[in-house]
Amino acid sequence: MSRILSAVQPTNNLHIGNYLGAIKQWVELQEGNETLFFIVDLHALTVYQKPETLSQNILDVARMYLALGLNPNKSIMFVQSHVKEHAELAWILGTITKMGELERMTQFKDKSAQHANNINAGMFTYPVLMAADILLYDTEKVPVGEDQKQHVELTRDLAERFNKLYGKVFTVPEPLISKSGARIMGLDDPAKKMSKSAASAYNYISLLDDVQTVKKKIKKAVTDSGTEVMGGASRPALNNLLTIYSLFSGKSVSALEKEFAGKGYGNFKDGLADTLNAFLEEFQEKFHAIKESEVRDILADGAARAVARAALKMAQIKETIGLL
Ligand code: ATP
Ligand code: LTN
């Protein structure tokens, strides 16, 4: 039994990389663990969000959590900004974080290049708020995609530094990265990770894409030179498509290579699109059946349960560092 916590930004609809890298694991981890899963709306603000779109995205991501299998009777599900202790602890942790540590973060380097006209202080201190998210709940394990490993490692360093300065207050968390699916690559560029905020929608398969869109995107997906359906070190595009196909179909990569031997990319892509569509159609049916009022009730209940834990921890932290 471990304390497990993770979160996603409500920056857009979730894509299959978010599912395979993170949420699929969360659903499994609900059994036999204490789990907290939330939506990091404050993190999303580090890139400008239209207010009405942001509100809608928060509700939609919560609905996606439910439709993908998160169970509010097993997990605490809430919205970050509903628990003010996250921002409060982030301030305190910021005072033991070195500028150089934040400058080294690859996500900061990527995001600041991507949004060169709005490199704000929040984008820079983003990992400190994430450390607060994690440390506030004595988290032991953080199931995330590969790209977030560096942030969890910084969180560990901050926890150890704080504990050395003030005595043992924080649990030192570990990242939990799945063996395959931890880094799904962009369909239009297999050298970069699939991302919700990619410039082109051909980069990702959104969980809300319809049948025709999925077919079109898979058809346009970049492939490696040659015609054989085969993975391997020098075949990043096929590796990625085979990984996706394998994780959604339950067939191994080598079984897929055999199945499509000599059949060419076209057949393979048709099979992949059909497999994705079967999953997405079932998911979307569940997604659309969940009422907004139900989502709001679940989030309110989750916030109350999270606040109860966070307030206690915050009181301990404040007392430890000498705040009256
Ligand atoms: P954005 O483009 O807005 O930064 P994102 O697509 O990177 O969004 P996040 O909200 O940052 O998504 O990440 C949510 C979770 O999904 C994290 O655990 C992250 O590691 C995981 N994740 C994101 N992209 C991928 C990917 N391409 N493959 C596997 N896991 C991923
Ligand atoms: N930074 C993460 C989202 C995130 C998170 C967290 C994940 C914010 N706080 C706490 C795990 C635990 C991302 O961009 N995916």
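As the structure lists them, so they are numbered: ligands from 1, and atoms in each ligand from 1.
- When every heavy atom of Pro175 is checked against every heavy atom of Lys149, the shortest pair comes out as CG-CG, 4.3 Å.
- Summary of contacts: the protein heavy atom closest to atom 8 (O) of ligand 1 is Lys196 NZ, 3.2 Å.
- Within 4.0 Å of ligand 2, counting heavy atoms only, the contacting residues are Leu5, Ser6, Ala7, Gln9, Val40, His43, Gln107, Tyr126, Met130, Asp133, Ile134, Val142, Val144, Gln148.
- The distance criterion of under 3.5 Å between nitrogen or oxygen atoms is not met by Glu146 with respect to ligand 1.
- Tyr245 and Phe260 have tilted rings, their planes meeting at an angle from 30° to 60° on a 0 to 90° scale.
- Given atom 1 (P) of ligand 1, the protein heavy atom at minimum distance is Ser197 OG, 3.3 Å.
- Scanning both residues, Lys111 and Ser197, for their nearest heavy atoms gives NZ-OG, 3.8 Å.
- Nearest heavy atoms, Trp26 versus Ser6: CZ2-OG, 3.3 Å.
- Nearest protein heavy-atom contact of atom 11 (O) of ligand 1 is Gln9 NE2, 3.4 Å.
- Residue Ala7 places no N or O, backbone or side chain, under 3.5 Å from any N or O of ligand 1.
- Comparing Gly145, Pro143, Ala182 by heavy-atom distance to atom 29 (C) of ligand 1, the nearest is Ala182.
- Heavy-atom proximity to atom 20 (O) of ligand 1, evaluated over Asn240, Asp147, Val144, is greatest for Asp147.
- Ring-centre distance between Tyr19 and Phe279: below the 6.0 Å cut-off.
- Between Ala310 and Val83, the closest heavy-atom pair is CB-CG1, 3.7 Å.
- Listed by atom number, the atoms of ligand 1 under 4.0 Å from Thr11 heavy atoms are 3 (O).
- At a heavy-atom cutoff of 4.0 Å, ligand 1 is contacted by the backbone of Arg183 but not by its side chain.
- Crowding of Glu52 atom CD: a count of heavy atoms from other residues, nucleotides or ligands under 6.0 Å exceeding 12.
- For Lys318, the NZ atom is loosely surrounded, since the number of other residues' heavy atoms within 6.0 Å does not exceed 12.
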For residues 129-137, please give each side-chain donor-acceptor pair under 3.5 Å, one per line with the distance, not counting sequence neighbours.
residue : atom : partner : partner atom : Å
Asp133  : OD1  : Gln80   : NE2          : 3.0
Asp133  : OD1  : His86   : ND1          : 2.7
Asp133  : OD2  : Gln80   : NE2          : 3.2
Tyr137  : OH   : His86   : NE2          : 2.9

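- For atom 23 (C) of ligand 1, the choice among Asn18, Val8, Val40 with the nearest heavy atom turns out to be Asn18.
- Between Gly17 and ligand 1, an N or O atom pair is found at a separation short of 3.5 Å.
- Shown here for Pro173 and Thr155, the closest heavy-atom pair between the two residues is CG-CG2, 3.9 Å.
- Residue, atom and distance of the protein heavy atom nearest to atom 27 (N) of ligand 1 are Ile184 O, 2.7 Å.
- Screening Lys74, Lys141, Arg309 against Glu34 for a salt bridge (charged side-chain N to carboxylate O under 4.0 Å, His left out) leaves a single residue, Arg309.
- Using a 4.0 Å cutoff on heavy atoms, Gln107 does not count as a contact of ligand 1.
- Closest to atom 7 (O) of ligand 1, if we only count protein heavy atoms, is Lys193 NZ, 2.4 Å.
- You'll find the ring centres of His151 and Tyr126 inside the 6.0 Å limit.
- The shortest separation from a heavy atom of Gly181 to ligand 1 is under 4.0 Å, placing the residue in contact.
- With a 4.0 Å heavy-atom cut-off, ligand 1 is reached by no atom of Met185.
- Remark: ligand 1 atoms within the under-4.0 Å shell around heavy atoms of Gly21 are 29 (C), 30 (N).
- Between Tyr166 and Phe162, the ring planes are tilted. Angles from 30° to 60° get that label.
- Of all the heavy atoms in Asp209 and Tyr204, the pair that sits closest is OD2-O, 4.1 Å.
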For this session: Could you walk me through whether Asn240 and Val222 pass side chain to side chain contact (heavy atoms under 4.5 Å, CB included), step by step?
Result: CA-CA 10 Å; Asn240 191 43; Val222 171; over 6 Å; no
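- Only the side chain of Ala22 comes within contact range of ligand 1, with a heavy atom under 4.0 Å; no backbone atom does.
- Annotation for ligand 1: atoms under 4.0 Å from non-hydrogen atoms of Lys111 are 1 (P), 2 (O), 3 (O), 4 (O).
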